[in-house]
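The structure under discussion appears below in the form of structure tokens.
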Number of protein chains: 2
Amino acid sequence: MESKKLLQLAHAACKERGARLTAVREQVFLLMAENEGAIGAYDLLDKLQKIDPSAKPATVYRALDFLAKQGFVHKIESINSFLLCDHFSDCHHPVQLLICDNCGSVEEIQSNNLDLALRAMADASGFTINHQVVEAHGKCQNC
Amino acid sequence: MESKKLLQLAHAACKERGARLTAVREQVFLLMAENEGAIGAYDLLDKLQKIDPSAKPATVYRALDFLAKQGFVHKIESINSFLLCDHFSDCHHPVQLLICDNCGSVEEIQSNNLDLALRAMADASGFTINHQVVEAHGKCQNC
DNA sequence: TATTAGTCTTTATAAAATATCATAAATGAA
DNA sequence: TTCATTTATGATATTTTATAAAGACTAATA
């Protein structure tokens with residue numbers, strides 16, 4: 001079970017940072033980990049409610065906020081969805097995604113050049129970047 | 001009046017393409033042009049309703065869809081807003097934005113390197129890009 | 001003028017996200 | 001340990017953003 005391992009890593013990271021990976025947050029983390037690809041908050045809520053019928057939208061959104069702050073989860077702005085991060089040890093890396101509009105698959109990529117190019121342009125305008133949203137839409141290899 | 005000139009350019013572009021810049025669309029275009037920076041669909045609706053009280057959400061969204069298709073307007077995914085495009089002569093250029101989280105200003109930039117870096121990464125994954133969302137958040141020069 | 005493709009109006013609803021306030025649990029200091 | 005503080009949760013309601021569906025209208029053109 002891959003997801004259990006991921007959870008352990010998350011627990012370790014939280015312990016180090018003094019962050020509290022509570023029961024609800026853990027549950028949401030697991031659901032994200034067991035889910036293939038990206039998922040919307042309300043679909044996640046459906047899954048959560050099968051375990052805890054009293055869960056509400058705010059329950060999910062609060063858990064997702066926490067997980068995103070820890071870098072375990074990314075929000076995909078252009079499709080209002082959330083994705084478990086592959087490599088969440090390093091918390092605030094730039095996020096770059098390839099989103100297939102045909103099959104819905106999402107691949108996270110890592111391009112230093114891309115990051116540098118964006119920062120260079122920002123610098124030129126005297127702009128300081130805190131957070132970047134880079135989401136390419138199109139057709140994946142399989143489609 | 002800058003916005004009148006922009007409207008003329010838009011009319012010219014539409015004529016060339018056989019697209020119909022109707023009264024509603026023209027009105028929404030003008031409101032966008034007169035507005036400084038980005039604006040949300042419902043704020044835009046408020047403005048539109050001062051001119052045409054019968055306007056509804058669908059009115060605005062449809063007009064925005066049209067304008068976006070023509071490349072006159074960009075949707076900003078990460079803040080659910082819309083922005084008039086500076087250089088809408090060339091219709092489907094990549095859109096790259098610097099969004100100040102302090103004052104709300106949005107600057108559109110043009111980096112060929114950025115575009116190339118993104119395409120290079122996509123190619124490497126066998127991914128074909130149709131549309132890209134590049135939105136950097138942070139602090140602008142003035143803030 | 002009949003056709004047709006596109007556009008608009010209206011009503012309703014869906015989807016996504018947050019506000020508020022009361023309660024509970026964990027943490028840290030006295 | 002006890003108290004105070006912070007942090008998290010639960011519950012209800014609402015806000016914000018966006019689309020669906022159905023029918024009427026309009027412009028272009030054949």
Side-chain angles (χ1 to χ4, degrees), chain A residues 10-11 14-29 31-32 38-49 51-70 72-83 99 101 104 133 135, chain B residues 10-11 14-29 31-32 35 38-49 51-70 72-83 99 101 104 133 135 137:
Chain A
H11 266 298
C14 283
K15 196 167 183 183
E16 231 183 45
R17 298 170 200 168
R20 287 160 59 189
L21 188 49
T22 63
V24 192
R25 291 165 177 177
E26 185 178 313
Q27 189 55 72
V28 170
F29 182 96
L31 289 172
M32 293 287 300
I39 186 171
Y42 279 76
D43 288 344
L44 192 56
L45 177 58
D46 286 345
K47 296 194 182 217
L48 183 57
Q49 284 179 331
I51 297 158
D52 170 9
S54 74
K56 303 279 172 353
T59 315
V60 163
Y61 279 104
R62 278 197 291 235
L64 286 171
D65 274 358
F66 172 84
L67 296 174
K69 258 182 201 141
Q70 300 305 320
F72 301 158
V73 154
H74 302 311
K75 175 166 190 197
I76 310 181
E77 298 289 350
S78 58
I79 54 173
N80 297 321
S81 307
F82 299 84
L83 180 72
I99 302 159
D101 295 323
V133 175
E135 302 171 5
Chain B
H11 265 298
C14 283
K15 195 167 182 185
E16 231 182 44
R17 298 171 199 167
R20 286 160 61 187
L21 188 48
T22 63
V24 192
R25 292 164 176 178
E26 183 178 314
Q27 189 56 72
V28 170
F29 182 97
L31 288 172
M32 293 287 299
N35 181 70
I39 186 170
Y42 279 76
D43 287 344
L44 192 58
L45 177 58
D46 285 345
K47 295 195 184 218
L48 183 57
Q49 285 179 330
I51 296 158
D52 170 8
S54 75
K56 303 278 173 352
T59 316
V60 164
Y61 278 104
R62 271 194 306 245
L64 286 171
D65 274 358
F66 172 84
L67 296 173
K69 257 182 204 141
Q70 300 305 319
F72 301 158
V73 155
H74 302 311
K75 175 164 190 197
I76 311 180
E77 298 289 351
S78 58
I79 53 173
N80 297 320
S81 306
F82 299 84
L83 180 72
I99 302 160
D101 295 323
V133 175
E135 301 172 5
H137 284 258

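Every value quoted in this text rests on a predicted model; they were computed, and no experiment measured them. In what follows, chains are A, B, ... by sequence order, proteins preceding strands, each numbered from 1.
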Worksheet item: Sub-3.5 Å donor-acceptor pair from the side chain of B:Ser81 to the main-chain atoms of B:Ile79, do we have one?
Response: yes
Item to complete: Identify, with sequence neighbours excluded, every residue that meets side-chain contact (heavy atoms from CB on, under 4.5 Å) alongside A:Thr59.
Response: A:Val24, A:Leu48, A:Ala55, A:Lys56
Atom pairs, N/O to N/O, protein against nucleotides 25-29 of chain D, distance under 3.5 Å?
none

Worksheet item: Can you check the B:Leu45 CG to D:dT19 C1' distance for me, whole Å?
Response: 14 Å
Response to the item:
Nearest heavy-atom contact between B:Leu64 and B:Ala41 is CD1-CB, 4.2 Å
Worksheet item: Rounded to the nearest Å, what distance is computed from the CG atom of residue B:Asp46 to the C1' atom of nucleotide D:dT17?
Response: 13 Å
Practice prompt. For B:Asp52 and C:dC8, give me the distance from atom CG to atom P, rounded to whole Å.
Written response: 11 Å
Worksheet item: For D:dT19, does OP1 or OP2 lie under 4.0 Å from any side-chain N or O of B:Tyr61?
Response: no
Discussion item. Just N and O in the side chain of A:Arg62: are any of them under 4.0 Å from OP1 or OP2 of D:dG10?
Written reply: no
Worksheet item: If only atom types and distance count, is the side chain of A:Arg25 paired as donor or acceptor with the main-chain N or O of A:Arg20 below 3.5 Å?
Response: yes
Fill in: Atom pair distance, as rounded to whole Å: CD in B:Gln27 and P in C:dT7
18 Å
Worksheet item: Mapping A:Thr59 and B:Lys75 to their closest nucleotides on DNA chain D, which lands nearer the 5' end?
Response: A:Thr59
Worksheet item: Can any side-chain N or O of B:Glu135 pair as donor or acceptor with the backbone N or O of B:Ser78 at less than 3.5 Å?
Response: yes
Fill in: A:Asn80 side-chain N/O to C:dA15 phosphate OP1/OP2 under 4.0 Å
no
Worksheet item: According to a strict under-4.0 Å criterion, is A:Tyr42 in side-chain N/O contact with OP1 or OP2 of C:dA16?
Response: no
Worksheet item: Under a 4.5 Å cut-off applied to non-hydrogen side-chain atoms, are B:Val133 and B:Lys75 in contact?
Response: no
Response to the item:
Per atom distances to the B:Phe82 side chain, the nearest of D:dA18, C:dT18, D:dT9 is D:dA18
Practice prompt. Using only side-chain N and O atoms of A:Thr22, determine if any of them is under 4.0 Å from OP1 or OP2 of D:dT9.
Written response: yes
Worksheet item: Hey, is the side chain of A:Lys56 poking within less than 4.0 Å of OP1 or OP2 on D:dG10, counting only N and O atoms?
Response: no
